[in-house]
Amino acid sequence: MPTDHHFTLAGVKWLLRFTRLRGQAAGWAYLPDAKNPQMTRKILIDERLRGRARLETTIHECLHACYPQMSEETVTESARDIARVLWSLGYRPNSD
């Protein structure tokens with residue numbers, strides 16, 4: 001069963017949901033665009049992720065939400081670095 005959370009990121013409300021994802025992606029950030037301007041802003045994270053992978057993916061998708069203009073490479077590298085620092089400080093994600 002999906003677990004929903006609501007956050008404000010970059011001044012706008014987002015739905016963050018831990019749910020089972022199909023395919024290779026560990027997470028997705030969905031933003032409104034020209035074709036669908038009323039779309040709910042949402043981040044989906046694969047509920048099967050645990051530990052540091054869950055932390056890194058959550059940071060990764062939040063960075064996409066906050067900075068949609070950032071390249072995938074920059075987001076990936078930044079999320080990895082932030083997750084490494086937080087992990088070394090003892091931060092651990094809850095498994096909802």
Side-chain angles (χ1 to χ4, degrees):
M1 181 162 176
T3 304
D4 290 355
H5 305 274
H6 299 275
F7 296 100
T8 299
L9 297 170
V12 294
K13 295 204 184 266
W14 284 80
L15 164 69
L16 188 148
R17 177 177 291 161
F18 291 97
T19 189
R20 186 172 289 258
L21 297 181
R22 295 182 189 180
Q24 299 290 335
W28 289 100
Y30 292 95
L31 294 91
D33 58 22
K35 287 184 180 180
N36 199 351
Q38 300 303 317
M39 177 183 193
T40 299
R41 295 172 186 267
K42 61 186 165 190
I43 295 171
L44 303 179
I45 307 287
D46 195 308
E47 67 188 3
R48 295 169 289 186
L49 292 176
R50 297 289 181 261
R52 192 161 158 184
R54 186 178 182 112
L55 177 64
E56 186 174 324
T57 301
T58 302
I59 294 167
H60 181 107
E61 299 308 332
C62 287
L63 285 171
H64 277 306
C66 290
Y67 306 103
Q69 72 282 3
M70 272 180 139
S71 71
E72 184 67 23
E73 181 180 330
T74 300
V75 167
T76 298
E77 184 177 325
S78 299
R80 186 179 308 125
D81 290 345
I82 294 166
R84 183 176 21 81
V85 169
L86 293 175
W87 195 260
S88 71
L89 293 172
Y91 288 91
R92 301 294 185 265
N94 293 332
S95 296
D96 307 290

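In this structure, the side chain of R41 does not engage the main chain of W14 through any donor-acceptor pair within 3.5 Å. Under a 3.5 Å cut-off, the side chain of T76 and the backbone N or O of E73 do not form any donor-acceptor pair. Here the side chain of E56 pairs no donor or acceptor atom with the backbone of A79 at under 3.5 angstrom.
Remark: R22 CZ to Q24 CD distance equals 14.0 Å, nearest 0.5 Å. One distance of note links CZ of R52 with CG of L55; it measures 8.0 Å at 0.5 Å rounding. Taking CZ of R54 as the reference point, atom CZ of R92 lies at 14.0 Å (rounded to 0.5 Å). Atom OH of residue Y30 and atom CD of residue E61 lie 9.5 Å apart, to the nearest 0.5 angstrom. Rounded to the nearest 0.5 angstrom, L21 CG and T57 OG1 are separated by 9.5 Å. From E47, atom CD reaches atom OG1 of T19 across 5.5 Å, with rounding to the nearest 0.5 Å.
Clustering ILVMFWY residues whenever any of their side-chain heavy atoms sit less than 4.5 angstrom apart, transitively, puts I43 in the very cluster that holds V12. Hydrophobic cluster membership differs between W28 and L15, with clusters built from Ile, Leu, Val, Met, Phe, Trp and Tyr side chains linked at under 4.5 angstrom.
The number of heavy-atom neighbours closer than 6.0 Å to CD of E72, taken from other residues, nucleotides and ligands shown, is above 12. Atom CD of Q38 is surrounded by 12 or fewer heavy atoms from other residues, nucleotides or ligands within 6.0 Å. The number of heavy atoms from other shown groups lying within 6.0 Å of CZ (F7) is above 12. By the 6.0 Å contact criterion, CH2 on W87 is enclosed, its count of non-hydrogen atoms from other residues, nucleotides or ligands being greater than 12.
For the side chain to side chain contact (heavy atoms under 4.5 Å, CB included) criterion with E77, the lone passing option out of T74, V75, D81 is D81.
For the pair L16 and L9, the minimum side-chain heavy-atom distance is 4.5 Å or more. With a 4.5 Å cut-off on side-chain heavy atoms, L31 and M39 do not count as touching. Taking 4.5 Å as the limit, every side-chain heavy atom of T58 sits out of range of all side-chain heavy atoms of L49. For the pair F18/H5, a side-chain contact is recorded, criterion being any heavy-atom separation below 4.5 Å from C-beta on.
Closest approach of P37 and P32 over heavy atoms only: O-CB, 3.5 Å. When all heavy atoms of G51 and P93 are compared, the closest pair comes out as O-CG, 3.4 Å. C66 and A10 make their closest contact through CA-CB, 4.0 Å (heavy atoms, listed as atom of the first residue, atom of the second, distance).
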key: Verdict with reasoning, D46 to R48, per salt bridge (charged side-chain N to carboxylate O under 4.0 Å, His left out)   = CA-CA 5 Å; D46 195 308; R48 295 169 289 186; 2.6 Å; yes
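Qualifying salt bridge (Lys or Arg N to Asp or Glu O under 4.0 Å) partners for R80, counting only residues two or more places apart in sequence or in other chains: none.
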